[in-house]
Amino acid sequence: MPVPSLNWLALSRYIFLRLLCGLIFLPACENKEPENPFAGIPSPGNNPITAEGVAFGKALFQSELLSSDGKTSCFTCHRPDSGFSGSINHLNPHSKIRRQIPSLFNLAWSPSFFWDAREETLESLILKPIQSPDEMNLSLPLLLKKVNQKQELKQMCRAAFQTDSIGTVHVARALAQFIRTIVQQPELPDSEGKTLFQKHCAKCHSGKTTSDFQIRKSVLAPSGIDSGYFRITHLPEDVYSFRTPGLAAVSKTAPYMHDGRVSDLDLLVKMYAKALPAKELEDPDKRSELVRFLKTL
Amino acid sequence: MIRNHFTTFLKHGLLAVLCIGLFSDCRPDDEVPQFVTYLLRITHKASGSPLVANQVYTDSSGQTYSVSKLNYFISNIKFRNKETGEYYHEVASYHLVNALRNPANTEIILRNVPRKKFSEMELSFGVDNSANHSTDNIGDLDPGNGMAWDWKTGYKFMELEGNYTSDGQSGSYLYHTGEDACFRTVTFSFKNLLSNDLDVVKDGQVIFDADIASAFGQPNPVDFKVFNNVMSASAGGAKIADNNARAFFKLVGAQ
């Protein structure tokens, strides 16, 4: 049964107050109305972004309770100082993870998730790393038991969803809300690097999110072990296809590509110059202009 | 919401006034309820015998099999009268059945069935498109129930697992169906069973036999030696779904 909006209480309270303000016409009321800082961020109708939901999601994101070893949080892999990404080279050598840890910027605008686009909503994705044996390895019943023993988390759940009995749906919605608020879309001044980017890269890395999030064959020949989107569709044309990633904070998210095969941006642009091909980018000066621009994203 | 309550309140109020004022013998005790409750009872079987976890059965082509896990979704339960067009559709109709929990008598409660005559019943195996493209759901669809796929968004429609022997070879099998391509809708005629419509007048029940041998039978008979690991629609899930749509449920009683 799909959940009706859990926020109806908050909503009706809000509407009631608005009505009151409107009726009595207190200008002070209008001034107190805080500007919604999440207004421009898309979110599904049944999970609107609220300050309380984001606070709860952030607490969960940094909580080691979400792992079976009690030592791993989402931050362990999605490191804030690395643009919420990380290198799998830092993980336990027994880990079966073969794909790089993507950054989490601007995902509110993406229609699909993971390198192979196999997930359709953030709310659905969230519970996968928690349960995956190679990530946090915690069963959902155990997760609920653990989080429901923490008074702070229960209070945050009440503030966000009007119940302090934390269910899977609340964990998923709160984490999804928090992830949607990880936004970086700088307005950058014109420069030679920007022009080069528009010309050679923005066909796929387009718009404010620096990605159209479409699934396509990797321009730089991949290492060939990971068949990408083919694993989902089994269509021959999808072999080695991946979702185009956004490039926010790209200077902090090395190594690059789903398999981490490109170690730094200079090398990356050199490889693109050959593969696209873009004759212009064979000029080292132009390349460094482009790299300088990439570092400001 | 508020308006609805208000109109209901008004209606009831008017009704009460009418009752008291005009028909002084109108007492609520005499009212026949407009809606009743129906039980959908499922008796699970395997090749004609009662289904028991890990017991060995023989399928129609002589292979043996046991069942160690059988979980599946039933959804969109409807009663319909093909002549009058009268219709009952259970609200938020998603039911996860763990067949081994109580194989001989799994019960699903259908509430608010109108007191009407119905010629047929319809149900679906699996989860429809509208709920299968996000797992942000509660109740039987809560991902905590273990039926969300781990490799994509959506639900497993059926988990069927166990052991087999086939031509002297033995091993385990695992059939997980799911994805929109495995969604199947089946209808059952009350007319055929009762030689009449089902006349819903009071609480009642509809009884099904569910023989899981269907999964291995027609139209896509299973050779366990070569077909024993299915985790998507395209890898064979759709064939299992076709087999089950044809013969898993059999309507055996309605009263």
Side-chain angles (χ1 to χ4, degrees), chain A residues 1-6 8 11-12 15-16 43-47 111-114 116-135 138-145 161 163 165-177 229-235, chain B residues 1-5 73-77 89-96 98 108-112 124 127-156 178-182 230-239:
Chain A
M1 174 175 49
V3 200
S5 169
L6 289 169
W8 67 271
L11 195 74
S12 50
I15 292 170
F16 176 69
S43 61
N46 65 355
N47 192 21
S112 65
F113 307 93
F114 286 142
D116 53 13
R118 68 185 179 278
E119 291 292 340
E120 297 171 47
T121 69
L122 274 177
E123 282 80 357
S124 309
L125 174 151
I126 296 300
L127 303 167
K128 310 292 165 84
I130 298 176
Q131 299 173 88
S132 159
D134 293 315
E135 290 169 66
L138 189 65
S139 75
L140 295 181
L142 204 55
L143 165 78
L144 295 186
K145 196 167 156 211
F161 302 115
T163 169
S165 159
I166 307 172
T168 37
V169 71
H170 307 118
V171 173
R173 288 182 177 187
L175 277 163
Q177 284 189 37
Y229 195 46
F230 172 78
R231 287 180 47 198
I232 312 305
T233 63
H234 302 284
L235 298 173
Chain B
M1 240 347 198
I2 292 172
R3 181 141 52 93
N4 266 344
H5 279 295
F73 275 110
I74 295 180
S75 65
N76 293 302
I77 298 173
H89 183 179
E90 191 195 18
V91 179
S93 185
Y94 301 102
H95 302 276
L96 175 56
N98 176 342
I108 292 174
I109 300 171
L110 306 174
R111 295 183 202 284
N112 296 327
S124 300
V127 175
D128 52 61
N129 308 28
S130 67
N132 199 30
H133 289 272
S134 172
T135 59
D136 183 11
N137 299 306
I138 57 168
D140 283 11
L141 291 175
D142 190 313
N145 296 330
M147 293 298 275
W149 286 114
D150 56 10
W151 64 280
K152 72 175 295 184
T153 299
Y155 295 92
K156 290 175 259 187
E179 304 179 82
D180 297 341
C182 284
V230 170
M231 283 196 277
S232 69
S234 54
K239 290 185 177 165

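Proteins get letters first, then strands, A, B, ... in listed order; numbering begins at 1 in each. Values in this document were obtained by computation on a predicted structure and should not be read as measured data.
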Taking all atoms of both residues into account, what is the closest heavy-atom pair of [X] and [Y], and its distance?
X: A:V169; Y: B:D136; answer: CG2-OD1, 3.0 Å
X: A:T121; Y: B:S134; answer: OG1-OG, 3.5 Å
X: A:E120; Y: B:H133; answer: OE1-ND1, 2.7 Å

Atom pair [atom1]/[atom2] of [X] and [Y] - distance to nearest 0.5 Å:
X: A:R118; Y: B:D150; atom1: CZ; atom2: CG; answer: 9.0 Å
X: B:K152; Y: A:L125; atom1: NZ; atom2: CG; answer: 14.5 Å
X: B:N137; Y: A:E123; atom1: CG; atom2: CD; answer: 10.5 Å
X: A:L140; Y: B:N145; atom1: CG; atom2: CG; answer: 9.5 Å

Portion of B:S234 that has a non-hydrogen atom of chain A nearer than 4.5 angstrom: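 It is the side chain, since no backbone atom gets that close.
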So which part of B:W149 gets closer than 4.5 Å to some heavy atom of chain A, the side chain, the backbone, both or neither?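 Just the backbone, heavy atoms under 4.5 Å.
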Identify which of A:H234, A:K128, A:R231 forms the greatest number of heavy-atom pairs closer than 4.5 Å to chain B.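 Among the listed options, the one with the most contacts to chain B is A:K128.
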Between the side chain of A:S124 and the main-chain N/O of B:T153, is any donor-acceptor distance below 3.5 Å?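 No; judged by distance alone, with no hydrogens or angles, the pair does not exist.
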Which bit of A:L127 comes within less than 4.5 Å of chain B, counting heavy atoms only: side chain, backbone, both or neither?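 Contact with chain B: side chain only.
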